[in-house]
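Read through the structure below, which is laid out as structure tokens, and then see the notes.
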Amino acid sequence: MSLAVTPEPQNPTNGSEIEEIKMAFNKFDVVSDASDHHYFVDKHSTKKSTGQDCFVNAASSVYKKVIQEWRILERNLPESIFVRVYENRIDLLQAVIIGAAGTPYHDGLYFFDLAFPIDYPHRPPLVHYHSFGMRINPNLYENGRVCLSLLNTWSGKKCEKWNANESTVLQVLVSIQALVLNEKPYYNEPGVLSGRVKWDKKSMAYNENVFVLSCKTMLCLLRNPPKNFEDFVAGHFRERAEAIISACNAYMNGRAMVAYYRNDGGDGSSSLGKKKVYVSDKFKGLVDKLYPQLVAAFTKNGTPLSIFYDQAKVEIKAGSFNDNHPRVVVKKKGTIGILKRVFGRVKVFLGLNKKADQGSRNDVKKES
């Protein structure tokens, strides 16, 4: 994708609601364990590689430039981007971007591993996206490749490409957030222009798919959070679980267009009045299968199921189960729609129904 943006703070999904996480988890910090970094054992970054002394020699120009990047990040990161660098591997960096409101990526977490080349800044950093094998954007591939003109991994005008004298890692991260994880990612596809009805419809369908894949990414992250971000991932999804589940309901019921759920204390409806939004049967089916998995994952992560307000009362009680999993009790309150169908399956994903559990997990593997 062409273009790049000048770093300016972008509001996360809801800044006030992650304030507690920010207080306990600095936006920028230096850590020691880089063992799960994508480039940790890459030929690019092993000590055997020619020129690697530039990352340990404090007098080298590369070393000084990397430290300068650290200072820029420490002082200027927006509220929705968090970075970890490594005291013994200054050539590596890991960042997480919180999906912004008004995009199909809202409330999600998107991790990127960066590696500085030995001739930095004459070449841009290498960037790898934690995809879990899913293509959530035209610019983010299943194998983790990130296509962006600023990284010289996509065509673009000279002014849009990496400039050794001006470009920074901060600019890379903000560009990914603003230009890649955007409101209508379908239009990142080459040759696709907005304003045509057929493409607008395809864009809506693409957003549906992106939201589903984003939810699957959440499940992957809860099962296997990156090192140094374990507490952040757990805390983020404890804070955001209610909004994510409510968004699923709003999208399923046609109260809001996918990507435009409003977490404002109401029913999440977009500014469409009482008019229902079209939602494809494919999307409904996919969310219907994901819903109990999300509820179970959020429950295991510490979010009380009592968040489901008017649709159901869900209580977690310590049951007499050999596996010590909590017991889920659902009390009906009127017609509970989707919740009436899915809470039986929540037990499955909490591990309370062993026989059904194996079959459901096999289904999850097929869908992924």
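Predicted model only: the values in this text are computed from it and were never measured.
Checked against the 6.0 Å centroid threshold, Y260 and H106 do not count as a close aromatic pair.
Taking Y120 as the reference, F116, W162 meet the ring pair (Phe, Tyr, Trp, His ring centres under 6.0 Å) condition, with sequence neighbours excluded. Scored by the ring pair (Phe, Tyr, Trp, His ring centres under 6.0 Å) test, F111 finds F229 as partners (sequence neighbours excluded).
Connection of F25 to Y110 is established within a shared hydrophobic cluster, with ILVMFWY side chains joined at heavy-atom distances below 4.5 Å, either directly or through further cluster members.
Side-chain contact between L73 and V169: present, with at least one pair of heavy atoms (C-beta onward) separated by less than 4.5 Å. Between P190 and W154, the closest side-chain pair of non-hydrogen atoms falls below 4.5 Å. Looking at heavy atoms from C-beta onward, R75 lies out of side-chain contact with F28 at the 4.5 angstrom threshold. In this structure the side chain of L109 reaches within 4.5 angstrom of the side chain of F237, judged on heavy atoms. Inter-residue side-chain proximity for S214 and M218 is flagged as met; some heavy-atom pair is nearer than 4.5 Å. A 4.5 Å side-chain heavy-atom check between K284 and D288 finds every atom pair outside the cut-off. At a threshold of 4.5 Å between non-hydrogen side-chain atoms, the residues P185 and V180 do not count as touching.
Ion pair D36/K227 not flagged as a salt bridge, since none of the NZ, NE, NH1 or NH2 atoms sits closer than 4.0 Å to an Asp/Glu carboxylate oxygen.
Note that CG of L93 and CH2 of W70 are 9.0 Å apart. Values are rounded to the nearest 0.5 Å. Here the NZ-SG distance, from K289 to C215, works out to 15.0 Å after rounding to the nearest 0.5 Å. One finds the CG atom of D91 at 5.0 Å from the CZ atom of F55 (value rounded to the nearest 0.5 Å). One finds the CZ atom of F132 at 13.5 Å from the NZ atom of K216 (value rounded to the nearest 0.5 Å).
At least one cation-pi condition fails for R145 and Y129: the charged atom is not both under 6.0 angstrom from the six-membered ring centre and inside a 45 degree cone around its axis.
Counting only residues at least two apart or on different chains, the salt bridge (Lys or Arg N to Asp or Glu O under 4.0 Å) pairs with a member in residues 109-121 are D119-R123.
Heavy-atom minimum distance, K64 versus A59: CE-O, 3.7 Å.
Of the possible donor and acceptor atoms, none in the side chain of N253 sits under 3.5 Å from a partner among the backbone N and O of R255.
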